[in-house]
**Student:** 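Let me give you the structure first, and then I'll get to my questions.
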Amino acid sequence: MDKQPAIELKNITKRFGKVVANKDVNLTAYRGEILSILGENGSGKTTLMNMISGIYFPDEGEIFIDEKEAVITSPKDAFSYKIGMIHQHFKLVDVFSEAENIVLGLEDGKYNLKASTEQIKKISEQYGFELDVDKKIYTMSVSEKQTVEIIKVLYRGADILILDEPTAVLTPQETEKLFNILRRMRDDGKCIIIITHKLHEVLSLSDRVSVLRKGEYVGTVNTAETSESELTEMMVGKKIELNIERNEPHDTIDRLIVNGITCVDRMGTTVLDDVSFTAKSGEILGIAGIAGSGQRELLESIAGLQHLSSGEILYLNPKTDSIENLRDKTPMQIRNMGVRLSFVPEDRLGMGLVGNMDIVDNMMLRSYSKGHSMFLKRKKPKDLAMKIIHDLEVVTPSASTPVRRLSGGNVQKVLVGREIAASPTVLMVAYPVRGLDINSSYMIYNLLNEQKEKGVAVIFVGEDLDVLVELCDRIMVIGSGKITGVVDGRTTTKEEIGLLMTKSKQEGESDNG
Amino acid sequence: MADTAVKTHREPLFHVVKRDDMPWWKAWAIRAATIVIAFFIVGLLSAAVTEKSFGETYSVMFSGVFGRLFEGRTTMLWKYLQEIAILLCLALALTPAFKMKFWNCGAEGQALMGGLAPIVCMIELGPKLPYPVLIAVIAITSIIAGAIWGVIPAIFKAWFNTNETLFTLMMNYIATQIIAYYVYLKGGGSNVINPVEYGNFPAVGNNNYFINIVVVAVITVIMYIYLKYSKQGYEISVVGESQNTARYIGINVKKVIIRTMVISGALCGVTGMLLVAGTDHSININSVGGQGFTAILMSWLGQFNPFIMVIMTALVVFLRIGVSKVADTALLNSSFSEIMVGLVILLLVGCEFFINYSIKFKHSKKEARV
Ligand SMILES: Nc1ncnc2c1ncn2[C@@H]1O[C@H](COP(=O)(O)OP(=O)(O)O)[C@@H](O)[C@H]1O
Ligand SMILES: [Mg+2]
């Protein structure tokens, strides 16, 4: 192989205060190949790529492009080296069309939408994008927005493409489409760098894999000569089991019956449309769907945080055998009714916890109002904090460290620990392993399984279909606020769920058209 | 195109990095050093402007604040404590609102309204009511007046999400005009109300300010306990940090906003009462004298901790009195002392930048290698 190196990193180091995000990283990417950057969350993948695309500047080390040293201090510099990056969070102007967004911000002074549109069409054909150039961004799905981002950098002439976790927001079908496009670009001689932490994607797509661990460069292997377990070991630093256990549920009884709830948000959009389902004790009910399909509103409705325009939420109290309707109750009322509902929201520091408070004060969130005294009692929360730190192996200097200083995994352990400590009968968790390292993720799965064994009705909103399929007893799929299907977790496939995820949207589109 | 980029061989000279890791003692060492430097600069500038020697400037400053303390004369000292008490009381009043991230910029107006109530009581009811009853009525009405002035913006914030900064500022102007009108009514066309003899706080052992100082000292301790150890104080912190979290755990956010602004306004009202019934026995539009705004800075610089606020207000009031004495000797007006106070506050705010951020200069390694 006499491939040309497109980009070489030499001894790159980048610090954020005390955090060393990248330490002495060496890396080479060739033209005509797809290189995966693999690493756990926080291992420094995004930071490294941001230095290539001019967002950050390295503290130490050099970058070579086409074997010449390059200094990249701004995204504009990066662009002049023909480097294009598709970020984890897109940066598009919502009210503009695709073509407008693509042309926007170019400095060559000729804003000629027509000529540009022609060229965009040519690019689309060449690589197989399916997109309507006049469609406005705010009407697009996440996957379409991502396509716009990719075409944008191609239009600007990029031949080194960096994609930061592009598949995190895609369905399996969309992912496959994207991969086909990327393969075509590779065959066209472009250099593709793709960041991910999903192993099977690495294996199916890339030519070589470079692994980062805690900011350090671990090594590069040829995809054809490696395996999932070798890659995991490189990523984590030790061998670990990648199996999630799933016991048969026993003694299941209906615990929470949701009956035809509809929720309309402030803008007048129907975010939940006649949703009905039952959560049973002793089982894990998974909820799958494209991000923003109503998952958050669904959980918040049950927790008493959304106003519903119709329907009912019935809780069957195991202590009294009475049935309570939770609709239009506040969280405080729900708690006072004796409903043991725990909720791990998606936004951990913005909703589940208070970032600037320490672990003890965060423990108190659930229990502070108990009792008639005017004053707080910190003894019990403190004991609970110590117990959680010990049991869940939370890495923290002390119980009086503000939780925002903890890493993502430890923040989540604190939150999940607190919610489980309330001995719930219903436990709702939204994206509980997002941003967590592999070890912490498995710890969370184990905790959920423990709760299931104890007879808790667990509702699990997830994004990684592999995990949903492995962990959940039943999986309910939600699309645009509607339930599009409920499948058995033991017999279903990712593809089946993927189809259900987009089902309601396609129906909706054909309705319109 | 690539060659145009190659010649841009420039690197940023330095960049600013947020830091989160400074140990508390180091942060306080920086603040203390800033205070020392600030004092030094104030001394230098004052000496330059007044054409006095450096040492003389400081001696005027100290004797201006403490008077002839060493000869056993404490009047100046009491006056100093009194001025601290007023500024501190306003800062304490603002603190619960600020902790809730409700930017109450209306301490001035709330204190003026809290001062209007006592003067009305003193003039209208003074001759009619027995003294203890009068004092009680004064206390209650001034608290209510301040609370009302504070809660109006809170109600609009809670239900209509109006901007509390603008709203509270506006309320200041209304309060000022109400006072102006009342002074016009009662002053018989002149701009002053002559000191009223009824309903004055009693002097304790010859000392007119004793009660004010004790009241504020008590409020300081209570506020510390309230914010740190009470359930309501905890709710304030949660609402301030994240309203979403507050809702999630079932705190009634509207209720907390209203309740906290009642407290904040009521304490401003108390300050107004201390000024009117405890100090001036009269009122005018400058009775609070802009201290409602200085108090905002005091609350911030005190990091919402009542005891640190004591130190900060003591410092600022020291400069205000001391430098104006220096200025007096050189026939400068009070603006000079205000400029100096402003300068010191600026330095203190500036030093927070260096506590929260660090500046990194670019690596020189590259040059070394070439
Ligand atoms: N702008 C920043 N300021 C401070 N720390 C940062 C910043 N960006 C990233 N980090 C830290 O650097 C480390 C690597 O982050 P990142 O590159 O985002 O990892 P990855 O993309 O692999 O998940 C993390 O510990 C993260 O907290
Ligand atoms: Mg990242």
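Keep in mind that what you see is a predicted model, and the values were worked out from it rather than measured.
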**Student:** About how many Å separate CE of A/Met374 and NZ of B/Lys231, when rounded to the nearest 0.5 Å?
**Tutor:**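 Between B/Lys231 NZ and A/Met374 CE, I get 9.5 Å after rounding to 0.5 Å.
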
**Student:** For A/Leu376, is it the side chain, the backbone, both, or neither that has a heavy atom closer than 4.5 Å to a heavy atom of chain B?
**Tutor:**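 For A/Leu376, heavy atoms of backbone and side chain both lie under 4.5 Å from chain B.
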
**Student:** For a quick test of reading the model, state the closest non-hydrogen atom pair linking B/Thr245 to A/Leu349 and the distance between them.
**Tutor:** OG1-O, 4.4 Å

**Student:** For A/Ile334, is it the side chain, the backbone, both or neither that has a heavy atom under 4.5 Å from a heavy atom of chain B?
**Tutor:** neither

**Student:** Please check if the side chain of B/Ser242 supplies one atom and the backbone of A/Gly350 the other of a donor-acceptor pair under 3.5 Å.
**Tutor:**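 Side chain of B/Ser242 to backbone of A/Gly350, a donor-acceptor pair under 3.5 Å: yes, one is there.
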
**Student:** Assess the pair A/Phe375 and B/Tyr229: is the distance between their ring centroids shorter than 6.0 Å?
**Tutor:**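 Centroid separation for A/Phe375 and B/Tyr229: 6.0 Å or greater.
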
**Student:** Is the count of non-hydrogen atoms from other residues, nucleotides or ligands lying under 6.0 Å from A/Lys382 atom NZ greater than 12?
**Tutor:** no

**Student:** Heavy-atom distances under 4.5 Å only: say whether A/Arg404 touches chain B with side chain, backbone, both or neither.
**Tutor:** side chain

**Student:** Report the option among B/Ser230, B/Ser237, B/Ala246 that has the most heavy-atom pairs separated by less than 4.5 Å from atoms of chain A.
**Tutor:**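 When all of B/Ser230, B/Ser237, B/Ala246 are compared, B/Ser230 has the most.
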
**Student:** Which bit of A/Met357 comes within less than 4.5 Å of chain B, counting heavy atoms only: side chain, backbone, both or neither?
**Tutor:** side chain

**Student:** Are more than 12 heavy atoms, taken from residues, nucleotides or ligands other than B/Phe307, located less than 6.0 Å from that residue's CZ atom?
**Tutor:**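 Enclosed: over 12 neighbouring heavy atoms sit under 6.0 Å from CZ of B/Phe307.
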
**Student:** Contact between B/Tyr248 and A/Pro345 at the side-chain level, heavy atoms closer than 4.5 Å - yes or no?
**Tutor:** yes

**Student:** Please confirm whether the backbone N or O of A/Ser369 pairs with a side-chain atom of B/Tyr234, one donor and one acceptor, at under 3.5 Å?
**Tutor:**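 Checking the backbone N and O of A/Ser369 against the side chain of B/Tyr234, no donor-acceptor pair under 3.5 Å is found.
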
**Student:** Mind checking the CZ-CE spacing from B/Arg247 to A/Met332? Nearest 0.5 Å is all I need.
**Tutor:**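 CE of A/Met332 is found 14.0 Å from CZ of B/Arg247.
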
**Student:** Does a sphere of radius 6.0 Å around CZ in B/Phe160 hold more than 12 heavy atoms from other residues, nucleotides or ligands, not counting ones at 6.0 Å or beyond?
**Tutor:**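 Atom CZ in B/Phe160 is not crowded, with 12 or fewer foreign heavy atoms closer than 6.0 Å.
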
**Student:** Do B/Glu235 and A/Tyr368 meet the criterion of a side-chain donor-acceptor pair at a distance under 3.5 Å?
**Tutor:**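 Yes - a donor-acceptor pair under 3.5 Å links their side chains.
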
**Student:** Between A/Ile65, A/Asp347, A/Leu365, A/Val354, which has the largest tally of heavy atom pairs under 4.5 Å with chain B?
**Tutor:**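 Heavy-atom pairs under 4.5 Å are most numerous for A/Leu365.
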
**Student:** Sort A/Lys329 into side chain, backbone, both or neither according to what part of it lies under 4.5 angstrom from a heavy atom of chain B.
**Tutor:**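 Neither part.
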
**Student:** Using non-hydrogen atoms and a 4.5 Å limit, figure out which bit of A/Asp361 sits close to chain B: side chain, backbone, both or neither.
**Tutor:** both

**Student:** Under a 3.5 Å distance rule, please check whether A/Arg335 uses its side chain to pair with a backbone N or O of B/Ile249 as donor and acceptor.
**Tutor:**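 Pair found, side chain donor or acceptor close to backbone of B/Ile249.
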
